[in-house]
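Notes to accompany the following structure.
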Amino acid sequence: MPRPGSSERGGAVCPQRSGSKQPTTPADNYYLARRRTLQVVVSSLLTEAGFESAEKAAVETLTEMLQSYISEIGRSAKSYCEHTARTQPTLSDIVVTLVEMGFNVETLPAYAKRSQRMVITAPPVTNQPVTPKALTAGQNKPHPSHIPGHFPEFPDPHTYIKTPTYREPVSDYQVLREKAASQRRDVERALTRFMAKTGETQSLFKDDVSTFPLIAARPFTVPYLTALLPSELEMQQMEETDSSEQDDQTDTENLPLHMSTDDSGPEKENASVLQQNTSLSGSRNGEENVIDNPYLRPVKKPKIRRKK
Amino acid sequence: MEGSMAERGAHVFSCGYQNSTRFWFPCVDSYSELCTWKLEYTVDAAMVAVSNGDLVETVYTHDMRKKTFHYMLTIPTAASNISLAIGPFEILVDPYMHEVTHFCLPQLLPLLKHTTSYLHEVFEFYEEILTCRYPYSCFKTVFIDEAYVEVAAYASMSIFSTNLLHSAMIIDETPLTRRCLAQALAQQFFGCFISRMSWSDEWVLKGISGYIYGLWMKKTFGVNEYRHWIKQELDQIVAYELKTGGVLLHPIFGGGKEKDNPASHLHFSIKHPHTLSWEYYTMFQCKAHLVMRLIENRISMEFMLQVFNKLLSLASTASSQKFQSHMWSQMLVSTSGFLKSISNVSGKDIQPLIKQWVDQSGVVKFYGSFAFNRKRNVLELEIKQDYTSPGTQKYVGPLKVTVQELDGSFNHTLQIEENSLKHDIPCHSKSRRNKKKKIPLMNGEEVDMDLSAMDADSPLLWIRIDPDMSVLRKVEFEQSDFMWQYQLRYERDVVAQEEAILALEKFPTPASRLALTDILEQEQCFYRVRMLACFCLAKIANSMVSTWTGPPAMKSLFTRMFCCKSCPNIVKTNNFMNFQSYFLQKTMPVAMALLRDVHNLCPKEVLMFILDLIKYNDNRKNKFSDNYYRAELIDALANSVTPAVSVNNEVRTLDNLNPDVRLILEEITRFLNMEKLLPSYRHTITVSCLKAIRVLQKNGHVPSDPALFKSYAEYGHFVDVRIAALEAVVDYTKVDRSYEELQWLLTMVQNDPVPYIRHKILDMLTKNPPFTKNMESPLCNEALVDQLWKLMNSGTSHDWRLRCGAVDLYFTLFGLSRPSCLPLPELGLVLNLKEKKAVLNPTIIPESVGNTQEPVNSTNNHGQSVGFQNTEDDHLVKETASSISGHQQGVKRKADMPLGSPLEPGQILEKNEDSKVKLKIRFSNSQEEEEIDMDTVHDSQAFIYHHLNMLERPSTPGKEQSSGEINMHPVSTAPLSVFSKESNSSKHSDHHHHHHHEHKKKKKKHKHKHKHKHKHDSKEKEKDPFAFSNSPASARSIRSPSLSD
């Protein structure tokens, strides 16, 4: 009996070890008895199908499949019944389950009444194992008056009772600022020192290059980009401080045509502005919002000149 | 850098100062020659060509690899207002005005969106005040890198520096950029649409555009900012005129005689825009708009705007007359036309005003003092003028004086006349005062004042001379300290407050301290006044150092305003939502660092305070960037540095470093290194760090060494960083008298790819010269003279600003006479055969102190010979050369001398008999020379006829076309090489006009065809050697700078 426990058993703990060790606990006995019955079923079905003998491994595999199948029917039926707000599954739940699993239900009565079927004895009646109760700590609180009695009990007190720690976390403003400042300074210093150590440096003192190391100035290929664009850190800050700015920052990253018309936001106020501003709009119509700008027009294909 | 040209952000654009369009296509390059335009540009398919007028269509070429942009400009426009920018631009259609399109370089679109989001309001403003529509059917703004100037306005488009772009997090740049946009737009109306008749009318255009820009400033930033700006501009122009001897707005050149030169006090000629010193031109624009404001004061703003409207409507009527080009002259403005419409509209005679400020240079210098005559209850005001110093003029006319008395504020208009110095002004109030009574101010407000500081006998609180700044003047007025204090506290005009602050510097008393502190704390007070008060307070505190009580000035104030309540040594986390307090927060530490204790050291307390500000600076919760704030904190650190105490000139090493300086240096190192990892906007922090390091070097804390700065000055750093680094090198050159660094700088002037940097180096050298003309210096040697002389005479003719910069520097270093380091010329006597007289060579006569005593004609001559050969000189050359054999050799030697840069881009400028300036462009691939008249010609028709007569074979427009084709060919073979701007326009400056030729260009003028003369003129060629490279350094030079006839 190598691996009798399977996940289908609803998470019930199954402390079976592989090997032929005899089961000891009542729970084990309970499961084993049912398993054995299944094996008998499988064997009888095999006999019915005309097999005279079967390898143990084959029987085990088929048992496993059968068990899975039955477990799935149970699980699925439970879901269906709970779905309709019941706790007891009805026949129709089972039927729906079977249909869902691709089983042709109409063949079932005929199959049940087939002539060569074998009768199998029910498994021995053993008691359902009791799940050992978790260690209780303290007394559960009774329900306060406003909670109806049918609600579940309070959980164990240790799950919600505050346990004081030994030290209060620092919340003094001054200390926090001090800490943040020195932390940042240390990080910055360590980082710049590291960069200076690993790269080229310049120094203000000829005799000492290590006390005030300056990272060497390196020319950029496009100097204006680093100088004008906000750094990633600043962008991040912007997003944190003001989310309305986000759009401006992100939507235009990599437009292949580098085109944007930005007509989303201010379009509403535009109507009035534009009407006042007719001096510029010789061709425009205040009603239409289609932008007619020569730079947005598609590039024309060249006219094909006929050779003379 | 990898990638295609578009990926590298390669771009070209036209640039230049004044009319320089002829550098990129043949044209009549004058502001007074109008025509309509059809422009075609064929560019790589990834590029966009932005030019003037309407984009009619864009068509692919047959191979589909290029596009042709067709532009049509139907409004008659001068060639000088034609421009072009080509690059892989990102396109943004203005969301408010769809006819306006903005362009920027790749990746900058978010910044462009934010930066231009304001532009429509400027449009609305100008259209409203001018009651005139924007004249062109479209408008384009292009933001490009390595701009020649920050703002350049052309017909229906403006080219801006890309460095004006900013994100929403940047506070300081926002108003500056908006000002640039507004300036550019003002010039669209006056400057592009309305052009000028001649150079001497330039002031009208600059004046009007500057004036309406000022109105926009007033509306946008408020009256305080506007008045502050006017005062600033006024101070600038006054300082410049007093320094140089005057700025003339409307020069009249009678007969071309040297003696009539109206600007004899200057070392350059103002006859031509291209010989002006850049600084002079800036001041010229400044004066022009101030004078417009004076005219407004005289005729009222309503009339002023009517005049502008009249000019514009005349012009727009004219511009719509497509087939009557004679009407187009209405689109040109002249001084006389402008004055005529003023008198038509207003009916007032402003001739005296024009005569005083426009036809004449100089400003007025008033000295005022007063006495109160108790018996007569009269204020005896004495106003003196200094009109003998250079740059001054005598003022006769009305002058407004405002007297604040106990009973109110009263305006008096004094008549300043020839000989009257004293003016009696009756007082309204009796000196006995009613203590309970409130005191009415000028604006009707009534305030309580503590009058205990007053002189018990006098009812006068304060007196202001010319409070409206309706004279271009400098006023030095004497009144007692308590009067200045009252003026500071209670006068509501920001200009008066600023004047009071400056005056209080001379009165270091507890009362002044109190007045300044009160102003600092007053939140209703204009922030610039409060900022100014910070510096004044620092100065007063230093003067009072021995009696000063309490904590260092401003410290407790800063703590109260910006530090946490619970822990006063920690600054609050940054929140710059209130800009006034942001500016104050930035300024206070900088001013505090100027405090000195009795040992003339910065108090330890202050230094620690600033270091704490840096330490606890926390910007995480802030909506705005703190880069300018941090930069100013570094400036504050630099301000706290005092000279090192050095014992027997010991070598500066790390071991003997002052512990305070060690702390400062640690901060600077960390900031500078962090910039490499997280660069700040415009690298403001790097800039401040470099400046601070130079301060440390200069004060002897750190060994003086230019190596660091030189590495930051390399091409490839951001321009602000380069300028800061170069400034440090310039300073090093001066302090350490290093010939090597001076050479390094001058090499950069010749070779740097960025025109602005080249200009700026010369500018900084002029402002902070390594030596001056009356100084002995080891740097002053013959080679340097030669080098500069070459720089201003050859190789720089394509960049006037640069050449004039070289002239300025030469003048600063050597003055007008022969540089003292040169050997004496061989010729003691100069014979002038034409005038039949002999004079002692004036170059031998040592220059007397101050250039003003120089003989006038020598000055003129020099001024002329810098840029141009003048006729009389030519005669002299020929005549002396023929009579004295030695000269010819001398000249030849100079002519053979290798020139600093190839001749090709240099245009040979010559002055010929009819005093027109001729220009020859020598194309690189055709040996043809074109002669184009480029003077701003009044009578263009006559001029063209004149030339038609001279033509040996008239060239047709078809001919012109073909010459364009020749130039176009190199492009089609190697189109990529055109944009070899290794990420930048590295070659632009040297060859910018080639670049443009390489784009196919066809110009068809609708009305005026241009006339060109194509000929090989051998006659002119023999003169060429004379046209430049006559260095005074040559001992035999017959044409040394101050040779006179």
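Chain naming here is simple, since letters A, B, ... match the order of the sequence lines and numbering starts at 1 in each. None of the values given here were measured: they were computed from a predicted structure.
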Charged N-O contact under 4.0 Å between [X] and [Y]:
X: A:Glu178; Y: B:Lys615; result: yes
X: A:Asp292; Y: A:Arg297; result: yes
X: A:Glu188; Y: A:Arg185; result: no
X: B:Lys710; Y: B:Glu714; result: no
X: B:Glu127; Y: B:Arg133; result: no

- Message: Ring centroids only, cut at 6.0 angstrom: are B:Tyr134 and B:Phe123 within range, meaning strictly under it?
- Response: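 B:Tyr134 vs B:Phe123: aromatic centres under 6.0 Å.
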- Item | Residue list, side chain to side chain donor-acceptor pair (under 3.5 Å) with B:Thr68, at least two apart or on another chain |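 Testing B:Thr68 for side chain to side chain donor-acceptor pair (under 3.5 Å), a comparison that skips the adjacent residues, returns B:Thr42.
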Please flag which part of [X] lies under 4.5 Å from any non-hydrogen atom of chain A: side chain, backbone, both or neither.
X: B:Val56; answer: backbone
X: B:Asp705; answer: side chain
X: B:Glu666; answer: both
X: B:Asn627; answer: neither
X: B:Ile570; answer: side chain
X: B:Thr162; answer: both
X: B:Tyr71; answer: side chain
X: B:Ile693; answer: side chain
X: B:His717; answer: both
X: B:Glu667; answer: side chain

- Query: Does A:Arg177 use its side chain to pair, donor to acceptor, with the backbone of B:Val571 at less than 3.5 Å?
  - Reply: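 Side chain of A:Arg177 to backbone of B:Val571, a donor-acceptor pair under 3.5 Å: yes, one is there.
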Would you call [X] and [Y] a side-chain contact if the rule is heavy atoms closer than 4.5 Å?
X: B:Pro135; Y: B:Ser316; value: no
X: A:Leu204; Y: A:Leu214; value: yes
X: B:His70; Y: B:Leu55; value: no
X: B:Arg682; Y: B:Asn163; value: yes

Among [options], residue most engaged with chain A (heavy-atom pairs, under 4.5 Å):
options: B:Asn673, B:Thr101, B:Asp720, B:Thr58; value: B:Asn673
options: B:Ile170, B:Asn617, B:Ile668, B:Asn569; value: B:Asn617
options: B:Leu696, B:Leu108, B:Val48, B:Val50; value: B:Leu108
options: B:Thr573, B:Leu672, B:Asp54; value: B:Thr573
options: B:Leu165, B:Val719, B:Leu105; value: B:Leu105

- Message: Please classify the contact of A:Gln174 with chain B as side chain, backbone, both or neither, using a heavy-atom distance under 4.5 Å.
- Response: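 Both backbone and side chain.
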- Between A:Phe212 and chain B, which part of the residue has a heavy atom less than 4.5 Å away: side chain, backbone, both or neither?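 When you check distances to chain B, atoms from both the backbone and side chain of A:Phe212 fall under 4.5 Å.
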- Which one, A:Lys301, A:Met195, A:Arg184, leads in non-hydrogen pairs under 4.5 Å with chain B?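 Ranked by contacts with chain B, first place is A:Arg184.
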- Query: What residue in A:Ala216, A:Ala217, A:Ser182 has the most heavy-atom pairs under 4.5 Å with chain B?
  - Reply: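 Greatest number of close heavy-atom pairs with chain B: A:Ala217.
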